[in-house]
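Down below is the structure, laid out as structure tokens.
None of these values were measured; they are calculated from a predicted model. Numbers restart at 1 for each chain; the letters A, B, ... are given by sequence-line order, proteins then strands.
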There are 2 protein chains.
Amino acid sequence: MQQNSTSPPRRGLTRDRVAEEAALLADEVGLGKLTLTALADRLGVRQPSLYKHIDSMAGLHRDIAVHAKRELGEVLARASVGRSGADAITAMSHSYRDWAVKHPARYEASNLMPAADDVEDAAVSLAAIQVIADVLTAYELDGDDAVDAIRAFRSTLHGFVSYESAGAFAWSANVDRSFGRLVNGFIVALAQWKSSPAKHPGL
Amino acid sequence: MQQNSTSPPRRGLTRDRVAEEAALLADEVGLGKLTLTALADRLGVRQPSLYKHIDSMAGLHRDIAVHAKRELGEVLARASVGRSGADAITAMSHSYRDWAVKHPARYEASNLMPAADDVEDAAVSLAAIQVIADVLTAYELDGDDAVDAIRAFRSTLHGFVSYESAGAFAWSANVDRSFGRLVNGFIVALAQWKSSPAKHPGL
DNA sequence: CCAAGTGGCTAGTGTCAATAGCCAAATTGA
DNA sequence: TCAATTTGGCTATTGACACTAGCCACTTGG
């Protein structure tokens with residue numbers, strides 16, 4: 001049958017489709033400036049219609065985060081496959097940075113913590129971290145040594161990348177070179193990981 | 001004269017006073033959740049009255065940032081005075097972390113970039129970074145070596161602290177110890193800084 | 001002492017996220 | 001095949017927010 005003159009034509013929206021377009025838009029305007037009206041416009045739909053596919057703005061951020069974590073995990077896995085040790089760390093680091101700089105809002109979302117009861121989010125978060133953990137295993141670290149190394153590696157990459165995305169490296173010196181040396185520095189430190197215990201600050 | 005029954009009593013508000021109370025409130029509720037209505041309530045004033053002291057929400061964030069950068073710069077300077085080399089780096093790192101964790105919104109604000117024409121903001125930003133630069137000078141780094149080291153140090157601290165504030169270190173392992181080892185790792189890397197050139201990722 | 005400037009105020013506006021409730025399109029199953 | 005149910009659009013509205021306009025009393029300085 002032909003549709004009535006005043007009928008709402010159905011777009012083929014799904015929760016995934018909405019999250020994907022949201023990620024694209026957020027990478028353009030910034031995660032914090034993503035609005036449902038702008039997103040609805042892109043999807044050819046009115047703003048309230050989005051609520052058929054999302055719970056809330058926070059829920060949309062969570063959906064973007066889950067997609068992003070999965071994507072980042074795959075990027076890291078692809079970079080490290082077939083490599084080990086310092087080679088794998090270098091490759092993984094550069095892939096991490098490239099992906100993060102290219103998709104700043106997705107990257108920001110990928111660092112959102114899962115809600116306590118969100119098993120899917122927790123799973124993709126863990127999967128991404130597991131790639132890092134597997135690579136660091138080549139240094140025969142375990143227990144607290146391994147946890148400390150993983151935390152150090154994540155911190156190192158995250159700090160650099162978030163400063164870079166924020167435009168915080170103002171001086172003219174080459175940012176690529178700075179990143180390369182940061183990664184090399186981490187590898188140097190990792191080689192002596194077990195023999196460099198933590199000290200507490202002097203009084 | 002006695003005031004009329006319907007007269008607006010004057011509070012002693014200033015731009016600084018507003019920014020300080022805003023920083024206190026933001027550290028409680030989060031920088032992104034700071035609202036002018038809540039801030040006005042705290043100051044015993046109606047929301048539009050704040051515009052006599054601030055330009056806009058973004059302007060208030062900037063004011064918080066300037067205060068925060070000054071505060072952080074002083075904290076770092078105090079930590080490093082009378083120390084040098086690895087000792088100074090360790091002391092400065094722990095002070096940085098302590099301050100950042102204690103004042104999460106101020107810390108977030110301290111990482112906002114100054115507007116291009118904002119000389120006061122640029123000055124306090126530079127002053128804080130200069131403390132770091134001075135400490136790293138003990139390693140006789142200059143030019144690109146020094147810039148790379150400063151970027152690496154800032155990235156390392158910022159990454160750890162922002163993950164810690166976000167609650168991203170979920171595993172039970174001791175976070176203090178992880179931080180100590182991260183700092184030690186940086187010091188180890190710094191000792192070999194000149195001899196570890198950057199490599200580009202393999203193909 | 002009075003004229004100018006300052007710092008409150010009330011009363012709005014526009015932009016958001018979010019809700020309520022309607023109706024046609026799609027789907028399901030007898 | 002076709003009726004019942006579910007789904008996915010829609011309009012209209014609310015409430016929280018930043019921000020503006022314009023008023024008036026208090027302060028200050030010549």
A:Ala149 meets the side chain to side chain contact (heavy atoms under 4.5 Å, CB included) criterion, sequence neighbours left out, with A:Leu136, A:Leu141, A:Leu190, A:Trp193
Once side chain to side chain contact (heavy atoms under 4.5 Å, CB included) is applied, do any residues pair with A:Ala38, and if so which ones, sequence neighbours excluded? A:Leu25, A:Thr35
side-chain hydrogen bond (donor to acceptor under 3.5 Å, both in side chains) partners for [X], two or more places apart:
{"X": "A:Arg70", "result": "none"}
{"X": "B:Asp144", "result": "A:Arg177"}
{"X": "B:Glu21", "result": "B:Arg17, B:Arg42"}

Specify the separation, in whole Å, of atom [atom1] of [X] and atom [atom2] of [N].
{"X": "A:Ile54", "N": "D:dG8", "atom1": "CD1", "atom2": "C1'", "value": "14 Å"}
{"X": "B:Leu50", "N": "D:dA21", "atom1": "CG", "atom2": "P", "value": "17 Å"}
{"X": "A:Asp55", "N": "C:dA18", "atom1": "CG", "atom2": "P", "value": "10 Å"}
{"X": "A:Gln47", "N": "C:dT15", "atom1": "CD", "atom2": "P", "value": "13 Å"}
{"X": "A:Tyr51", "N": "C:dA20", "atom1": "OH", "atom2": "C1'", "value": "13 Å"}
{"X": "B:His61", "N": "D:dA18", "atom1": "NE2", "atom2": "C1'", "value": "11 Å"}
{"X": "B:Met57", "N": "D:dC19", "atom1": "CE", "atom2": "P", "value": "8 Å"}

Residues of residues 105-118 of chain A with a heavy atom under 4.0 Å from any atom of DNA chain D, listed by number, are none
List in numerical order all residues of residues 31-46 of chain A for which some heavy atom is under 4.0 Å away from an atom belonging to DNA chain D. A:Val45, A:Arg46
For residues 71-80 of chain B, which side-chain donor-acceptor pairs fall under 3.5 Å, sequence neighbours excluded?
unit_1: B:Glu71; atom_1: OE2; unit_2: B:Trp99; atom_2: NE1; d: 3.4
unit_1: B:Ser80; atom_1: OG; unit_2: B:Leu76; atom_2: O; d: 3.1
unit_1: B:Ser80; atom_1: OG; unit_2: B:Ala77; atom_2: O; d: 3.3

Can you list everything that forms a ring-ring contact (aromatic ring centres under 6.0 Å, His included) with B:His61? Sequence neighbours excluded, please. none
Return the stems involving DNA chain C, sorted by first number, where pairs are Watson-Crick (N1-N3 with N6-O4 or O6-N4) or G-U wobble (N1-O2 and O6-N3), both under 3.5 Å, and runs are 3 or more long. C:1-30 with D:1-30
Using side-chain heavy atoms (C-beta onward) and a distance below 4.5 Å, is B:Asp121 in contact with B:Ser125? yes
So, does B:His53 get its side chain near the phosphate of C:dG8, meaning an N or O under 4.0 Å from OP1 or OP2? yes
B:Arg154 to A:Tyr163, cation-pi by 6.0 Å centre distance and 45° axis angle: yes
From the candidates C:dA18, C:dA25, D:dA18, the one with an atom nearest any side-chain atom of A:Arg10 is C:dA25
If you check the B:Lys52 side chain, which of C:dA24, C:dG8, D:dT20 turns out closest? C:dG8
Toward the 5' end of DNA chain C, which comes first, B:Pro48 or B:Leu13, by nearest nucleotide? B:Leu13
Under the ring-ring contact (aromatic ring centres under 6.0 Å, His included) definition, can you give me all pairs with a residue in residues 104-157 of chain B, not counting sequence neighbours? B:Tyr96-B:Tyr107, B:Tyr107-B:His158, B:Phe153-B:Phe186
Donor-acceptor pairs under 3.5 Å, side chain of residues 164-172 of chain B to any protein atom, not counting sequence neighbours: which ones?
unit_1: B:Glu164; atom_1: OE1; unit_2: B:Arg97; atom_2: NE; d: 2.8
unit_1: B:Glu164; atom_1: OE2; unit_2: B:Arg97; atom_2: NH2; d: 2.9
unit_1: B:Ser165; atom_1: OG; unit_2: B:Val161; atom_2: O; d: 3.4

